[in-house]
*Asks:* 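Here it is, the structure in full.
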Amino acid sequence: MKKILILANSSGGLYDFRNELVKRLLERYEVAASLPDEVRTRELEAEGCRVIRIPMNRRGVNPAEDFRLLCAYHRLLKKEKPDLVLTYTIKPNIYGGFLCRMKRIPYIETVTGLGSTFQKQGVFLKMIVAMYRTGLKKAFCIFFQNRENREIFEKYGISGQKARLVSGSGVNLKRHAFEPYPEGEKIRFLYVGRMMREKGIEELLEAALQLSSQTVSFELLGYPDEDYQERLDAFEKKGAIKQLGFHPDVHEYIKNASALVLPTYHEGMSNVLMEASATGRPVIATNISGCREIFEEGVTGFGCKPADSGDLARALSKFTELSAGKRAEMGKAARLKMEREFDREKVADAYMEEIERCLGKGGRRDEFV
């Protein structure tokens with residue numbers, strides 16, 4: 001049985017957004033996964049995936065930490081001797097891709113988003129571009145989750161043997177089943193994700209302070225990043241928001257919400273927007289690549305400008321002016337859009353096609369040098 005090794009930066013991300021693919025792989029291959037946390041390792045191991053714990057600073061750029069990660073990946077590849085490596089997110093893509101190329105191991109990469117990296121200038125940008133070019137050059141296939149990310153890579157001459165565009169990670173239409181719209185006139189806006197500047201948390205706090213009332217509430221589900229806890233506590237004391245903490249299963253919270261809010265600055269393809277839409281909830285999100293593909297203006301949600309609390313407040317106010325019937329109608333339209341365009345099984349189909357083509361080469365590793 002051939003072995004597939006997955007390099008990723010989150011057990012939750014692998015299980016919650018890519019489990020359909022993992023289960024399909026387990027039917028045909030031995031599957032191991034390098035992960036830095038234990039949030040979903042129990043579930044993955046129960047399915048038959050062998051988990052290897054390798055620490056990783058997901059967001060930091062500390063050279064010493066990254067060198068340790070590179071060395072850990074080197075030891076892992078030497079020990080596991082996989083027939084194919086799948087990588088997700090920035091550091092696994094760059095460091096895992098570089099080592100696979102050096103060791104002549106076939107590999108497939110997924111660009112789940114670029115963060116703010118390509119918005120920078122100067123030496124740092126040149127260094128990151130060089131690292132991407134080196135790591136991705138011999139990838140059998142690079143999966144992109146939105147056109148803008150692919151165009152940025154093309155602009156900087158970053159490429160593998162081929163590229164393929166998919167609808168993000170897709171959404172599990174069974175796990176995030178359609179739910180009847182909440183009754184009553186009270187509007188509950190829900191934010192799901194890390195509390196950090198690049199997710200638009202500052203704009204959300206300002207808009208919540210302006211719009212919160214007895215009939216409009218803002219609930220935040222997730223954990224604080226960038227030392228945001230004190231600021232969140234201050235806005236909660238003012239009555240602008242309610243903190244729900246971190247919970248790995250978000251469906252019940254989405255089910256009880258009137259709409260999901262995501263004022264993020266950049267995305268690969270937002271999973272939480274897809275999950276909310278599949279549940280039958282309208283969304284209010286920034287009109288950027290990775291979000292705009294998921295909603296239709298005035299049909300399944302409303303868009304706003306990134307980094308603009310005033311425009312976010314405008315979009316939120318527009319939603320509050322809708323009747324309960326109209327809001328429910330938007331939710332139904334959102335579900336239908338997910339069924340048409342974002343079924344995760346179709347995304348898994350695309351990955352299986354490329355994996356089988358790659359492994360069908362019969363181990364001709366010279367093509368990956």
Side-chain angles (χ1 to χ4, degrees), residues 176-193 195 199-222 224 228-229 231-247 249-264 270 272-287 291 294-335 337:
H176 297 284
F178 178 81
E179 302 283 358
Y181 199 76
E183 296 181 356
E185 291 300 319
K186 183 168 183 178
I187 295 175
R188 299 173 63 185
F189 289 117
L190 175 69
Y191 169 90
V192 178
M195 316 298 171
K199 290 292 184 182
I201 197 67
E202 285 292 339
E203 290 74 24
L204 179 59
L205 291 175
E206 292 299 328
L209 188 61
Q210 177 181 337
L211 299 176
S212 289
S213 67
Q214 290 184 340
T215 57
V216 178
S217 66
F218 289 81
E219 299 179 348
L220 280 61
L221 180 69
Y228 257 102
Q229 190 60 65
R231 187 154 175 76
L232 293 170
D233 291 343
F235 274 80
E236 189 167 41
K237 287 181 180 179
K238 294 177 183 178
I241 63 169
K242 178 181 179 182
Q243 298 180 71
L244 301 177
F246 171 76
H247 298 274
D249 296 308
V250 303
H251 183 76
E252 287 301 311
Y253 294 92
I254 294 174
K255 172 183 174 180
N256 294 325
S258 306
L260 187 124
V261 186
L262 185 66
T264 181
S270 172
V272 71
L273 289 184
M274 288 186 276
E275 292 170 351
S277 297
T279 307
R281 299 298 175 265
V283 301
I284 290 86
T286 37
N287 191 17
C291 293
I294 300 172
F295 71 92
E296 296 180 25
E297 182 68 27
V299 179
T300 71
F302 295 116
C304 63
K305 299 174 184 177
D308 188 329
S309 60
D311 201 51
L312 173 60
R314 175 201 58 78
L316 293 167
S317 295
K318 192 172 183 179
F319 182 81
T320 64
E321 294 168 1
L322 300 176
S323 67
K326 179 58 178 176
R327 298 196 295 268
E329 185 180 310
M330 293 180 82
K332 291 178 182 178
R335 171 68 186 194
K337 183 175 176 65

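Treat the numbers as computed from the prediction; the structure is a model and nothing was measured. All values below were derived from every heavy atom in this structure, side-chain atoms included, with hydrogens, water molecules and symmetry-related copies excluded.
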*Asks:* Measuring from atom OG1 of Thr286 to atom NZ of Lys305, what distance do you get when rounded to the nearest 0.5 angstrom?
*Replies:* 13.0 Å

*Asks:* Taking Thr320 for the side chain and Ser317 for the main chain, is one N or O donor matched with an acceptor at less than 3.5 Å?
*Replies:*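 Between the backbone of Ser317 and the side chain of Thr320 there is a qualifying donor-acceptor contact (under 3.5 Å).
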
*Asks:* Donor-acceptor pair, distance only, cut-off 3.5 Å: does the side chain of Arg281 make one with the backbone of Gly331?
*Replies:*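 A pair under 3.5 Å: no.
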
*Asks:* What distance separates Glu252 CD from His247 NE2, expressed to the nearest 0.5 Å?
*Replies:*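 It is 12.0 Å, given to the nearest 0.5 Å.
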
*Asks:* Give, for atom CD1 of Ile241 and atom CG of Leu232, the distance between the pair rounded to the nearest 0.5 Å.
*Replies:* 5.0 Å

*Asks:* Any chance you could lay out the side chain to side chain contact (heavy atoms under 4.5 Å, CB included) test for Tyr253 and Arg188, step after step, and finish with the verdict?
*Replies:* CA-CA 10 Å; Tyr253 294 92; Arg188 299 173 63 185; over 6 Å; no

*Asks:* Rounded at 0.5 Å granularity, tell me how far SG in Cys304 sits from CD1 in Ile284.
*Replies:*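 If we round to the nearest 0.5 Å, Cys304:SG and Ile284:CD1 are 8.5 Å apart.
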
*Asks:* Checking Thr300 side chain against Ala334 main chain: does a donor-acceptor pair fall under 3.5 Å?
*Replies:* no

*Asks:* Counting C-beta onward and ignoring hydrogens, is there a side-chain heavy-atom pair between Glu321 and Phe319 closer than 4.5 Å?
*Replies:* no

*Asks:* How about Leu262 and Tyr191: do any of their side-chain heavy atoms sit closer than 4.5 Å?
*Replies:*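 Yes, at least one pair of side-chain atoms sits under 4.5 Å.
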
*Asks:* Step by step, work out the salt bridge (charged side-chain N to carboxylate O under 4.0 Å, His left out) result for Glu329 and Lys326.
*Replies:* CA-CA 5 Å; Glu329 185 180 310; Lys326 179 58 178 176; 3.6 Å; yes

*Asks:* In a check of side chain to side chain contact (heavy atoms under 4.5 Å, CB included) between Phe235 and each of Ile201, Leu204, Leu205, which one passes?
*Replies:*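 Single side chain to side chain contact (heavy atoms under 4.5 Å, CB included) partner of Phe235 among Ile201, Leu204, Leu205: Leu205.
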
*Asks:* Report the distance from atom CD1 of Ile294 to atom OG of Ser270, rounding to the nearest 0.5 Å.
*Replies:* 5.0 Å

*Asks:* Without hydrogens or angle criteria, can the side chains of Asn256 and Glu179 be said to hold a donor-acceptor pair below 3.5 Å?
*Replies:*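 Absent: no donor and acceptor within the cut-off.
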
*Asks:* Is a salt bridge present between Arg314 and Glu203, judged by a nitrogen-to-oxygen distance below 4.0 Å?
*Replies:* no

*Asks:* Output yes when a side-chain donor or acceptor of Glu185 lies under 3.5 Å from a complementary backbone atom of Thr215, and no otherwise.
*Replies:* no

*Asks:* Please check this pair: side chain of Arg327 against backbone of Pro282, looking for a donor-acceptor N/O pair closer than 3.5 Å.
*Replies:*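 No: the side chain of Arg327 does not pair with the backbone of Pro282.
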
*Asks:* Can you measure from CG (Leu316) to CD (Gln210) and round to the nearest 0.5 angstrom?
*Replies:* 9.0 Å

